[in-house]
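Remarks on the structure that follows.
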Amino acid sequence: MTIIVFFFLLWLSTLFIRGYAKSNLSFYIVYSFVLIFFSISSFNRMVVNDRKNIFTNARFWICLGIIIFYTYFIVVNTARLSVLRSKVSRHFIDSLFEINIYSNLLVNLLYVMAVIWIPRKKNISTLF
Amino acid sequence: MDPAEKEYFNAVLIVVIVVGIILLYFVITAIRYQRRSLRLHKEKIQAEIDTLENERKRIASDLHDELGPLLSAVKLQINNLETTETNDMQLIEKSSRHIDVIIKKLREISNDLMPNTLLRKGLKKAIEEFISNSQEDYKLPVKFICEQELQLDQNREINLYRIVQEVVHNTVKHAKASMLIIKISIQDNRLFLMTADNGVGFDYFLKIRDNMGLGLRNLQSRTEVMGGEFTCISEPGKGVAYTIEIPV
């Protein structure tokens, strides 16, 4: 809850400082970091505690997807942030976005794996 | 793109590749360690269970084969004593009765440790015998349903028998139930052991978060060793239902 409130306030403050017409790149980077940290922590917990084949765990694929996608998201947005003040061509910006397109494709394939391994509802009939 | 932009874009691409390699290495090593840890965990549990079962077998056979005949011999010798005094005769009779009780208890302990029926007649008969004894001892009505013949290796039979023993003990100790149903069935090369009671139940997720308890952990470990899945469904006031699913 604290984290949600903190991020809401951070988002509001950056929105007021920069205005809502522009992309809020610093906020994108901060929330990407937080998502990656949460995913790594969840991933590590699975590695330590999971007693089944980890590939059959949907959470594993989701965490992997989040780590990969948001790592590249940070790289791309950091690059955009650093060239923001200089005049760059449209082609350059598009090329940067292409990295996101490929990472997005990869992540969606990982999410497909997650969907495949969603635990099936067990057909347990009660004996009473 | 002008040359400066191209140079900058190439630098970004290099960063992307380096990050990709690091991520790939991170994931591969994590998976390798998880697999190794899983294998070691299973081996450790298997070793613990084997040691426990071997020790039980040894103690059971020592009690049954060594102490049992010895006590019978003592009883025979006492009964052979010749006396005309009433006090002595009463003492002999009392001692003989005590020895009978000790022999009976010894057999019960030996049977609890490693039931002969399980080794000789198989799981189904052993569970039936255990349930019949439990009903006498604990006054808990237990219904056992098993319509198929079970052809399992001895390790699995012992593990499943111990699971049933644990469930019955847990129900008697904690559930305050008036009925326990145990069902074993085989469907599509999978064995299902289902149990359900109508007792007080508990909050399973709260229980595993706080402290799982030795009994529940034991059920889970034995299921894991057999490569199966353990499910517990319980809510306060709604009884407890366990499902153990193992490949056969």
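Reminder, nothing fancy here: chain letters follow the sequence lines and each chain counts from 1. What you see is a predicted model; the values in this text were computed from it and never measured.
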> So do the side chains of A:Leu12 and A:Phe8 get within less than 4.5 Å of each other, counting heavy atoms only?
Replying inline: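 Side-chain contact under 4.5 Å: yes.
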
>> Between B:Val15 and chain A, with a heavy-atom cut-off of 4.5 Å, which part of the residue counts as in contact: side chain, backbone, both or neither?
In response: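 Answer is side chain: those atoms of B:Val15 sit under 4.5 Å from chain A.
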
> What part of B:Glu224 lies closer than 4.5 angstrom to a heavy atom of chain A: side chain, backbone, both or neither?
Replying inline: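 The answer is the side chain of B:Glu224.
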
>> Over 60° means perpendicular and under 30° means parallel, so tell me whether A:Tyr28 and A:Phe73 are parallel, tilted or perpendicular.
In response: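 Ring orientation, 0 to 90° scale: tilted.
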
> With under 30° as parallel and over 60° as perpendicular, where do the rings of B:Phe130 and B:Tyr161 fit, or are they tilted in between?
Replying inline: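 Perpendicular.
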
Side chain, backbone, both or neither of [X] within contact of chain B (heavy atoms, under 4.5 Å):
X	answer
A:Leu64	side chain
A:Thr71	side chain
A:Val47	both
A:Ile54	both

> Among B:Phe192, B:Tyr33, B:Phe26, which has the most heavy-atom pairs under 4.5 Å with chain A?
Replying inline: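 Most heavy-atom pairs within the cutoff with chain A belong to B:Phe26.
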
Please answer whether the main-chain N or O of [Y] pairs with a side-chain N or O of [X] as donor and acceptor at a distance below 3.5 Å.
X	Y	answer
A:Tyr72	B:Val16	yes
B:Lys139	B:Glu136	yes
A:Asn77	A:Leu25	no

